[in-house]
Amino acid sequence: MHDRGTPLSLLSRNTDMELNMERYNHRETEARWQQVWAERETFRAEEDPSRAKYYVLEMFPYPSGRIHMGHVRNYTMGDVVARYKAARGFNVLHPMGWDAFGMPAENAAMENNVHPAAWTYENIDTMRTQLKSMGLSLDWSREFATCDPEYYQQEQSMFLDFLEAGLVYRKNSKVNWDPVDHTVLANEQVIDGRGWRSGALVEQRELTQWFFKISEYSDDLLTALEGLDQWPDKVRLMQRNWIGRSEGVRMRFELADQPDFVADKDLELFTTRHDTLFGASFCAMSIEHPLSAQLAAEDTALQAFIEDCRKVGTSQEDIERAEKKGYDTGLKARHPFNRDLLLPVFVANFVLMDYGTGAIFGCPAHDQRDLDFARKYKLNVLPVVVPADENVADFVIGEEAYVGEGLLANSGFLDGLDVETAKDQAAQRLELTDLFGAPQGERTVNYRLRDWGVSRQRYWGCPIPVVHCKKCGVVPVPKSDLPVKLPEDVSFDQPGNPLQRHPSWKHVSCPTCGADAERETDTFDTFVDSSWYFARFCSPRSADPVDRAAVDYWLPVDQYIGGVEHAILHLLYSRFFMRAMHRTGHVAIDEPFEGMFTQGMVNHETYRAKAGNWLSPAEVSIVDEAGARKAVSLLNSEPVQIGSIEKMSKSRRNTIDPTDILETYGADTARWFMLSDSPPERDVIWTEAGVEGAHRFVQRIWRLVTESIAHLPADAGWETLLGNVSDASLDLRKASHKALKEVGNDIDNLRFNRAVARIYELTNALAAFMPANNATDLMPADKAALAEACSILVHLVGPMMPHLGEECWEKLGLDGILADQPWPTFDPALLVEDTVTIAVQINGKRRDELTISRQSSKEEVEAAALQLDNVVRALGSMQVRKVIVVPERIVNVVAT
RNA sequence: GCGGAUGUGGCGGAACUGGUAGACGCGCCAGACUCAAAAUCUGGUUUCCGUAAGGAAGUGUGGGUUCGAUUCCCUCCAUCCGCACCA
């Protein structure tokens, strides 16, 4: 098991019992081992084609100021995997960096008159120190921040490649505009339709912005999800729904009654329910539809209606939650299958311009939104799909639309068909019908996924490397002129984009013609920065975006770990980026993350004073009053109400600063607690009692290891003695090897909480085995079993509590450092039991259990079960009808 | 509104593919050690009835499939995450 046959030599051990029994001092120990790892460059990763690689990555943090418990949890999990995989012989890459551009730095600049760069780099320094005190097995030599010019230069370079490859374009799109601050607002800065600072009613403005053609990969991003079998199903499902593939028909309705100034003869729309066309009672188009704008130009009431709708904001959620409203334009749309029927055409607030063609037909009987709309505007509701077991005449739509299966009715040539067939027939009819010289409709596939708008009207982001020239248009900045650096002399004393009002920065000469021209003043969405950082980690100092040899070796990331809140956007954008980088020759693969894991959040109780203000856990003392938990304010001794358990947040003041925990209890305790109990994908509740429990366990391991030293073999080569142990020792050996197997399994499957439980079990077995004080009567073979158990325990603890692991390793007098040791292998022979205990049920109720040889036949098991006292008594006078025997599992007697 | 998840003792949770519900930890109770406390160690701890043996109920709600359901299906309830300019 020990690759070097390491002796557990008494000579190298401190035999002074008093010293042995000292309490484990995490302060001194953790700093010392962190220094040892740093000096030995234990976690430095280098490409080595002769070895299998393993790339572990946790989502890099935004440098907000200090790390929070969510980081502690995330990075602990990644570190366990990294250390375990390294012990398993993999060449591990485990890097760290900073997602350093973003709005908070600009907000800090405005509030505290500090430059975003200064603020960001100071935060990084603080957080790096905090992370280092966690004892993570990171290769710090690869660290970078996305706001480093060396990083964003490469991002700009790749943007130029994407531009050349036709993956980037400009188009108009709307933003939230604060008319008082003259600033573009993020969705989170719009509260109830008003700007967060100014309080002004937010307006929508159209701006020309840059877009990445992610929609070009809609189908690929969707189908490739199937191959991502090491991703959580829920994340794949969310992405599938987000991409939103739907098969339908793109069709045109002939317009009638249009005013003279409207040239359009038809209205194009997309539908997936063309089977329900006969139930159509209106058409509706988005407030941003070109025809809406055209009509509004001549109709002040419509103008007012559109203005009103725009006040709800730009977010999908706001739009869909808003009450459904429409404006009857007076236009009519001729029904494609019933030319005498003219449907009213509305402008409606719930029709999205970004989806399909920005216009729909409404079939109220079979779509809830359409039904709500129809009831409000007193439109016809005609059911055209009727459940097979319902009578058409009796089928009435009430408050709920019918969206289920059924047979077509009231639908002319579609009557009697099922939904699928009706769709097919209706589509065929539309394809064969001519309207103004073209088929009236055609089958198409539509995706919900929209192109990715990357323009931001902000300073603290990566400048988009193009120049606008009056003569040449949009001109890319030549790569030799990169990076386009952010100017440092900017002010934040007024709202708006400092790049735009900077006196000189944007004025440049056109790279093509030399005439006066202007730089693009938009910067990238910070999601761009985080869409390829994992690739940059492979060759962080390369003069190109990536070094091909490095990415070919290290990518894809084998295990990526982060919050579920990134399940859609960040992961989807990264998947797109990898494809775009593939197309532009930077990498040879399409999928960045082979394995994905989404961890839960860290929550804490909330505390509220009588006055209604929130109190932080540090300001509250918990007391036990007649068995009930009560909280008292440490500020004024007044009682405090214990509130609900919520995600740690500044607004609720229920945060715990990891630094306090790391100083008081040590990194190993914090790490152990983060891994214990709660399954990693679920939320965890931070409690003082839990931390203290974890801390006691650290001490317990230390005590067990130090106490065991007196009972360990004096000589080397004890492994040879293991074959001849006593029963008690054999049990210990079984427990050791079982734990070894299970913990390995659990870490492989990221079930850290189960691994923790298995380690507790081994600890309990070891404690039970330990001879009483001064007993020195262990046989040599039993000493060997104890040595083996201690060694295995230390190995198991190592990835989770690495400092304690190293300290115990050293205390046991073993060679080298634990971080360099290979994972031990378990002996399968020790895991086989020759008897099993199975439950015996009568009519599904457990009545007794049966311990029997594993080899017993079904008949033997059945016979033995029926003879059990409890079974005989419980059966009484009942007749046995049937006996179900599942080998090694259960016996169920069916009796009446 | 749309999409995704979660729900098991006093608490966090475990239960492999439908096969003994409550592993492991926290807390609590009792005991040992101690002048005492802390720490540590030993034992107990789902609820109800019972001195006990044992019995009954029990995995958010209500139903269903099955010899057998925490696990599969349907209904409802509660909580959480995402919704494209927060990161």
Side-chain angles (χ1 to χ4, degrees), chain A residues 23 59 61-62 64 99 101-104 175-176 184-190 209 214 232-235 237-242 244 314-322 324 350 354 368-369 372 448-458 525-527 530 563-570 572-573 598 600-601 603 624 627 644 646-647 676-679 681-685 687 689-690 692-694 696-697 699-700 703 751 753-754 756-761 764 767 837-849 870 873 881-884 886 888-895:
Chain A
R23 267 176 83 81
M59 289 179 183
Y62 177 78
S64 56
D99 188 13
F101 277 133
M103 289 202 304
V175 293
N176 299 307
V184 176
L185 298 175
N187 281 338
E188 71 157 10
Q189 297 175 317
V190 179
Q209 309 203 64
I214 188 171
D233 287 340
K234 64 171 176 181
V235 174
L237 188 55
M238 280 191 264
Q239 293 221 345
R240 189 169 296 136
N241 291 334
W242 185 261
T314 59
S315 89
Q316 194 96 164
E317 186 184 356
D318 290 338
I319 291 166
E320 291 188 30
R321 272 182 191 261
K324 283 146 201 64
F350 64 92
D354 294 316
Q368 192 60 44
R369 279 187 312 190
D372 296 343
R448 205 183 76 100
L449 180 65
R450 311 199 294 254
D451 278 334
W452 174 15
V454 294
S455 291
R456 297 293 182 271
Q457 295 70 41
R458 294 180 215 296
D525 175 8
T526 56
F527 270 127
S530 57
V564 68
E565 65 273 19
H566 293 294
I568 296 177
L569 291 179
H570 165 59
L572 198 60
Y573 291 155
T598 55
M601 292 180 306
N603 299 340
D624 189 89
S644 58
E646 295 185 46
K647 175 181 176 174
S676 308
D677 294 352
S678 288
E681 70 278 7
R682 229 183 285 175
D683 290 355
V684 66
I685 301 167
T687 64
E692 277 168 8
R696 278 201 297 275
F697 186 66
Q699 297 293 348
R700 185 162 185 237
R703 213 164 43 238
R751 292 185 295 208
N753 58 318
R754 291 191 3 160
V756 164
R758 298 287 90 83
I759 291 174
Y760 273 118
E761 278 173 350
N764 290 342
T837 302
I838 59 179
V840 180
Q841 299 180 331
I842 293 172
N843 292 333
K845 283 191 188 198
R846 180 183 167 283
R847 293 298 169 185
D848 207 340
E849 58 183 33
N870 285 337
R873 178 148 37 86
R881 301 286 172 202
K882 193 168 153 192
V883 180
I884 292 149
V886 182
E888 300 183 35
R889 282 281 156 79
I890 204 161
V891 177
N892 190 12
V893 182
V894 184

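Each chain gets a letter, A, B and so on, in the order its sequence line appears, and its residues count up from 1.
Within the model, atoms CZ of A:R369 and CG of A:D372 stand 10.0 Å from one another, a figure rounded to the nearest 0.5 Å. The CZ atom of A:R846 sits 13.0 Å away from atom CG of A:N892, with the distance rounded to the nearest 0.5 Å. Taken to the nearest 0.5 Å, the CZ atom of A:R682 stands 9.0 Å off from the CG atom of A:N753.
Between the side chain of A:E317 and the base of B:C83 there is at least one donor-acceptor pair of N/O atoms closer than 3.5 Å. Judged by atom type and distance alone, A:R458 reaches the base of B:C85 through a side-chain donor-acceptor pair under 3.5 Å. With hydrogens and angles left out, the side chain of A:E692 and the base of B:C26 share no donor-acceptor pair within 3.5 Å.
One can place CD1 of A:I884 at 11 Å from P of B:A69, the figure rounded to the nearest angstrom. B:A14 atom P lies 14 Å from atom CD of A:E761, rounded to whole Å. In this structure, A:W452 atom CH2 and B:C85 atom C1' are separated by 13 Å, rounded to whole Å. A:R700 places its CZ atom 12 Å from the C1' atom of B:C24, with the value rounded to the nearest Å. Rounded to an integer number of Å, the gap from CZ of A:F697 to P of B:C24 is 13 Å. The separation between A:Q209 atom CD and B:A84 atom C1' is 12 Å, rounded to whole Å. Regarding A:M103, its CE atom lies at a distance of 9 Å from the C1' atom of B:A87, rounded to whole Å. Atom CD1 in A:I890 sits roughly 12 Å away from atom C1' in B:A69 (whole-Å rounding).
Each of B:C24, B:C85, B:U20 was ranked by its minimum atom distance to the side chain of A:A757; first place goes to B:C24. For A:A839, whose side chain is taken as the heavy atoms from C-beta onward, the closest listed nucleotide among B:U20, B:C85, B:A56 is B:U20. Residue A:W242 has its side chain nearest to B:A84 when only B:A23, B:C67, B:A84 are considered. When distances run from any side-chain atom of A:M238 to the nucleotides B:C86, B:G3, B:A87, the shortest one goes to B:G3. Among the nucleotides B:A23, B:G3, B:A56, the one closest to the side chain of A:N241 is B:G3. Checking B:C86, B:A23, B:C85 against the side-chain heavy atoms of A:E188 singles out B:C86 as nearest. Candidate nucleotides B:A23, B:G3, B:A84 were compared by shortest atom distance to the side chain of A:R758, and B:A23 ranks first.
A:V893 comes within 4.0 angstrom of no nucleic acid atom, judged by non-hydrogen atoms across all strands. No contact: A:D354 has no heavy atom under 4.0 Å from any strand. Residue contacts shown for A:G453 are limited to sugar-phosphate atoms, with no base heavy atom under 4.0 Å away. Heavy atoms of A:A689 sit under 4.0 angstrom from primed sugar atoms or phosphate atoms, though from no base atom. In this structure, A:S530 reaches neither bases nor backbone, as no heavy-atom distance under 4.0 Å exists between it and the strands shown. Using a 4.0 Å heavy-atom cutoff across all strands shown, A:V883 reaches no nucleic acid atom at all. Using a 4.0 Å heavy-atom cutoff across all strands shown, A:G690 reaches no nucleic acid atom at all. Residue A:E681 is out of contact with every strand shown, counting any heavy-atom pair closer than 4.0 Å. Nucleic acid contact class of A:T687 (heavy atoms, under 4.0 Å, all strands): none. Contact annotation for A:I838: no contact, since no heavy-atom pair falls under 4.0 Å across all strands.
Judged by distance alone, the side chain of A:D683 and the main-chain N or O of A:G600 form no donor-acceptor pair under 3.5 Å. With A:R456 contributing its side chain and A:D525 its backbone, the two residues share no donor-acceptor pair below 3.5 Å. Between the side chain of A:Q209 and the backbone N or O of A:V454, no donor-acceptor pair lies under 3.5 Å. At least one donor-acceptor pair closer than 3.5 Å links the side chain of A:D451 to the backbone N or O of A:I214.
Comparing B:C29 with B:C67, their P atoms are spaced 48 Å from each other, to the whole Å. Across B:U17 and B:C73, the matching P atoms stand 15 Å from one another, rounded to whole Å. Look at the P atom in both B:A21 and B:A56: the space between them is 13 Å, to the nearest Å. For B:U61 and B:C74, the C1' atoms lie 13 Å apart once the distance is rounded to whole Å. Taking the P atom of each, B:G13 and B:G68 are spaced 31 Å apart, rounded to whole Å. As rounded to the nearest Å, B:G3 and B:C76 have P atoms that lie 14 Å from one another.
For the OP1/OP2 pair of B:A14 and a distance below 4.0 Å, the side-chain nitrogens and oxygens of A:R751 include no atom meeting the criterion. Side-chain nitrogen and oxygen atoms of A:R696 include at least one within less than 4.0 Å of the OP1 or OP2 phosphate oxygen of B:G27. Between A:R450 and the phosphate of B:A84, there is no side-chain N or O to OP1/OP2 separation shorter than 4.0 Å. At B:G68, none of the side-chain N or O atoms of A:N892 fall inside 4.0 Å of OP1 or OP2 (strictly under the cut-off). Contact check, A:N187 against B:A84: a side-chain N or O comes under 4.0 Å of OP1 or OP2. Checking the phosphate oxygens (OP1, OP2) of B:G18, no side-chain nitrogen or oxygen of A:R889 falls inside 4.0 Å.
Between A:F527 and A:H566, the ring planes are perpendicular. Angles over 60° get that label, and only those under 30° would be called parallel.
Side-chain atoms of A:N843 and A:V894, non-hydrogen and from C-beta on, do get closer than 4.5 Å to each other. A heavy-atom distance below 4.5 Å is not found between the side chains of A:R847 and A:V893. The shortest distance between side-chain heavy atoms of A:V190 and A:D318 does not fall below 4.5 Å.
The nucleotide B:U40 finds its pairing partner in B:A32, both defining distances of the Watson-Crick or G-U wobble pair being shorter than 3.5 Å. The base-pairing partner of B:U6, taking Watson-Crick or G-U wobble contacts with both distances under 3.5 Å, is B:A78. B:A57 and B:U46 make up a base pair, with Watson-Crick or G-U wobble contacts both under 3.5 Å. Remark: B:A21 base-pairs with no nucleotide; criterion is Watson-Crick or G-U wobble with both hydrogen-bond distances under 3.5 Å. Nucleotide B:G1 is matched to B:C83 when pairs are restricted to Watson-Crick or G-U wobble geometry with both distances under 3.5 angstrom.
Along RNA chain B, the nucleotide nearest A:Y62 and the nucleotide nearest A:S315 are compared for position; the residue whose nucleotide lies closer to the 5' end is A:S315. Projected onto RNA chain B by closest heavy-atom contact, A:H566 and A:V891 fall at different nucleotides, the more 5' of which corresponds to A:V891.
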Protein-nucleotides 5-13 of chain B N/O pairs closer than 3.5 Å?
residue: B:G7; atom: OP1; partner: A:R682; partner atom: NH2; Å: 3.4
residue: B:G12; atom: O2'; partner: A:S678; partner atom: OG; Å: 3.0
residue: B:G12; atom: N2; partner: A:D677; partner atom: OD1; Å: 2.8

Report task. Decide side-chain contact (heavy atoms from CB on, under 4.5 Å) for A:V883 and A:V891; before the verdict, give the C-alpha distance in whole Å, the side-chain angles of both, and the deciding distance to 0.1 Å. Result -> CA-CA 7 Å; A:V883 180; A:V891 177; 3.9 Å; yes
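With its glycosidic angle within 90° of 0, B:G9 is assigned syn.
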